[in-house]
Asker: 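Dropping the structure in here first, questions after.
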Protein chains: 2
Amino acid sequence: MKRQVLIFGVVGGVLITVLKWTEYRFLVLEHSFEIYGALIAALFAGLGIWLGVRMHERRERVVVREVTVPVEVPVSIPASAPFTRDEAKREQLGITPREMEILTLVAEGLSNREIAERLFVSENTVKTHCSRAFDKLGAKRRTQAVQLGKEMGLLP
Amino acid sequence: MKRQVLIFGVVGGVLITVLKWTEYRFLVLEHSFEIYGALIAALFAGLGIWLGVRMHERRERVVVREVTVPVEVPVSIPASAPFTRDEAKREQLGITPREMEILTLVAEGLSNREIAERLFVSENTVKTHCSRAFDKLGAKRRTQAVQLGKEMGLLP
DNA sequence: AACGTCGTCATGCTTTCGAGTGATTTTGGG
DNA sequence: CCCAAAATCACTCGAAAGCATGACGACGTT
């Protein structure tokens with residue numbers, strides 16, 4: 001960003017100087033003002049467009065970078081992989097099978113209530129499992145848990 | 001796009017005219033040329049920046065997607081899919097670029113507050129976008145929205 | 001000028017989550 | 001049999017999420 005502004009300034013300065021100089025050489029005509037004006041306008045317009053695009057692109061790029069941090073660690077196989085859970089990772093994190101089960105359902109977008117109904121347990125139980133799983137995953141939200149779970153190869 | 005160019009031209013013309021006119025009124029000083037030059041330069045630079053940003057915004061949404069790709073990092077699979085968002089699907093569902101942006105961040109496990117901070121908007125705005133996006137996706141919860149989004153090729 | 005879309009923001013209200021704490025069963029292995 | 005790990009359930013409370021509704025401005029199209 002700074003570089004662009006710098007270049008912009010330098011070009012501007014050089015431009016002015018050159019114009020000032022040429023003014024005393026040739027083209028000391030009556031209508032030179034309009035010509036010079038048009039030239040300056042055109043040049044700076046182009047420069048402006050360039051700068052604008054550049055600036056905008058930078059910003060977008062930066063934003064995207066921040067947004068794109070997710071580091072995928074697919075342990076599975078390329079196309080059409082049936083997905084095999086990384087049991088080792090699960091063990092390592094101390095996540096129990098039941099917690100894994102709940103986690104899977106969470107990843108499918110079910111609410112605690114729905115999970116409870118599907119597994120024939122109380123909602124409180126689901127919450128407990130969730131809490132523990134989130135803890136072990138280091139997640140603060142269920143969406144984050146899902147994200148982390150996928151990165152770690154625990155979820156499809 | 002065309003309108004921008006038109007405005008650009010019109011402003012330019014008016015500018016020249018005004019300058020030409022003022023030239024014969026006041027400020028007929030010796031160094032007026034430099035002043036005028038600077039003014040023209042500044043104005044057209046600003047105009048150019050505006051135009052540049054405006055123009056660029058057009059395909060920005062698309063570009064963003066392409067840039068968003070660099071997710072690769074994994075150890076195994078080198079031929080991993082770079083992921084390209086299904087813009088057609090997005091259009092079809094009537095999901096706006098902004099909503100898509102929010103959805104992406106939701107999928108990364110960020111809370112509404114965090115999203116708001118990252119995008120420099122209020123939390124309420126984020127909620128609004130979320131609601132609309134969920135609606136269009138037919139999701140009741142953010143986790144479900146993420147799940148559906150992935151199935152539909154809208155999210156990585 | 002009128003209309004439609006998008007993005008922004010707010011307010012009020014309900015529901016869902018998640019943390020913290022504690023407690024009671026299963027269950028598998030030594 | 002006994003113990004530890006796992007699974008189950010409950011209760012509170014504050015935070016986060018979600019819903020409904022309305023509004024406003026910037027832009028683009030017609």
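Proteins come first, then strands; the chains are lettered A, B, ... in the order of their sequence lines, and each starts at number 1.
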Asker: What is the distance from NE2 of His129(A) to P of dA5(D), rounded to the nearest Å?
Answerer: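 Value for this atom pair: 17 Å.
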Asker: Closest to the Arg142(A) side chain: dG18(C), dC9(D), dT8(C)?
Answerer: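 Closest of the options to the side chain of Arg142(A): dG18(C).
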Asker: Could you pick out which residue, Lys140(A) or Glu99(B), lies toward the 5' side of DNA chain C when each is mapped onto its nearest nucleotide?
Answerer: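 The residue mapped nearer the 5' terminus is Glu99(B).
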Asker: For Leu93(B) and dC6(C), what is the distance between atoms CG and P respectively, to the nearest whole Å?
Answerer: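 Rounded to the whole Å, the gap is 13 Å.
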Asker: Is any side-chain nitrogen or oxygen of Thr128(B) closer than 4.0 Å to OP1 or OP2 of dG7(C)?
Answerer: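 For dG7(C), OP1/OP2 do not have a side-chain N/O of Thr128(B) under 4.0 Å.
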Asker: Closest to the Arg132(A) side chain: dC17(C), dC19(D), dA7(D)?
Answerer: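 Shortest atom-to-atom distance from the side chain points to dA7(D).
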Asker: Both Lys127(B) and Glu123(A) contact DNA chain C. Which one's nearest nucleotide lies toward the 5' end?
Answerer: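 Checking each residue's closest nucleotide, the 5'-ward one belongs to Lys127(B).
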Asker: Quick one: which protein N/O atoms are closer than 3.5 Å to N/O atoms of nucleotides 28-30 of chain C? Pair and distance per line, please.
Answerer:
none

Asker: Would you indicate which nucleotide in dA7(D), dT8(D), dC17(C) comes nearest to any side-chain atom of Thr125(A)?
Answerer: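 When the side chain of Thr125(A) is considered, dT8(D) is the closest of dA7(D), dT8(D), dC17(C).
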Asker: For the side chain of Phe134(A), starting at C-beta, report the closest nucleotide among dA7(D), dA19(C), dC6(C).
Answerer: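 Of all the options, the side chain of Phe134(A) is nearest to dA19(C).
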Asker: Which whole-number value in Å describes the distance from Gln144(B) CD to dC17(C) C1'?
Answerer: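 Checked: the CD to C1' distance equals 16 Å.
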Asker: If only side-chain N and O atoms of Arg98(B) are considered, is one of them under 4.0 Å from the OP1 or OP2 phosphate oxygen of dT8(C)?
Answerer: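 The answer is yes; a side-chain N or O of Arg98(B) sits under 4.0 Å from OP1 or OP2.
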Asker: Search all heavy atoms of Arg142(B) against all heavy atoms of Thr143(A) and return the closest pair with its distance.
Answerer: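 What the structure gives for the nearest pair is CD-CG2, 3.6 Å.
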Asker: Supply the atom-to-atom distance Leu137(B) CG to Ile95(B) CD1, rounded to the nearest 0.5 angstrom.
Answerer: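 Here the interatomic distance stands at 4.0 Å.
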Asker: For the pair made of CD in Glu101(A) and P in dA7(D), what is the distance, rounded to whole Å?
Answerer: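 Result: 9 Å.
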Asker: Please report, rounded to the nearest Å, how far the P atom of dT8(C) is from the CD1 atom of Ile102(B).
Answerer: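 Going from Ile102(B) (CD1) to dT8(C) (P), I get 7 Å.
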Asker: In whole Å, I'd like the distance from the CD atom of Glu91(B) to the P atom of dT5(C).
Answerer: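 Taking CD of Glu91(B) and P of dT5(C), I get 13 Å after rounding.
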Asker: Please state how far atom CG in Leu103(A) lies from atom C1' in dA6(D), giving the value in whole angstrom units.
Answerer: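 So the two atoms are 16 Å apart, to the nearest Å.
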Asker: Pairing donors with acceptors under 3.5 angstrom, does anything connect the side chains of Ser131(A) and Thr128(A)?
Answerer: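 Not at all, the side chains of Ser131(A) and Thr128(A) share no donor-acceptor pair under 3.5 Å.
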Asker: For the side chain of Ser131(A), starting at C-beta, report the closest nucleotide among dG18(D), dA19(C), dC11(D).
Answerer: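 Closest of the options to the side chain of Ser131(A): dA19(C).
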Asker: Measure from the side chain of Asn112(B), starting at C-beta and using heavy atoms only, and say which of dT16(C), dC9(C), dA17(D) lies closest.
Answerer: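 Closest nucleotide among those given: dA17(D).
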Asker: I want to check one thing: is the phosphate of dT16(C), taken as OP1 and OP2, less than 4.0 Å away from some side-chain N or O of Arg113(A)?
Answerer: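 Yes, such a contact exists.
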Asker: Donor-acceptor pair, distance only, cut-off 3.5 Å: does the side chain of Lys136(B) make one with the backbone of Gly94(B)?
Answerer: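 Checked: pair present.
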Asker: Any salt bridge linking Arg141(B) with Glu114(A)? Criterion: basic side-chain nitrogen under 4.0 Å from a carboxylate oxygen.
Answerer: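 Salt bridge between Arg141(B) and Glu114(A), a charged N being under 4.0 Å from a carboxylate O: yes.
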Asker: How many angstroms lie between atom CG of Leu154(B) and atom CG of Leu148(B), to the nearest 0.5 angstrom?
Answerer: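 The distance works out to 9.5 Å.
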Asker: Is there a donor N/O on one and an acceptor N/O on the other, under 3.5 Å, for the side chain of Ser111(A) and the base of dC17(C)?
Answerer: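 There is none.
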Asker: Describe the nucleic acid contact of Ser122(B) in one word from base, sugar-phosphate, nothing, applying a heavy-atom distance below 4.0 Å.
Answerer: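 Ser122(B): backbone/sugar contact only, no base atoms under 4.0 Å.
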Asker: Drop me the distance from Thr104(A)'s OG1 to Glu99(A)'s CD, to the nearest 0.5 angstrom.
Answerer: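 Interatomic distance, Thr104(A) OG1 to Glu99(A) CD, rounded to 0.5 Å: 11.5 Å.
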Asker: Looking at side-chain heavy atoms only, is the closest gap between Val121(B) and Ile115(B) below 4.5 Å?
Answerer: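 Counting from C-beta outward, Val121(B) and Ile115(B) never come under 4.5 Å.
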Asker: Separation of Asn124(A) atom CG from dG20(C) atom P, in whole Å?
Answerer: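 Rounded to the whole Å, the gap is 16 Å.
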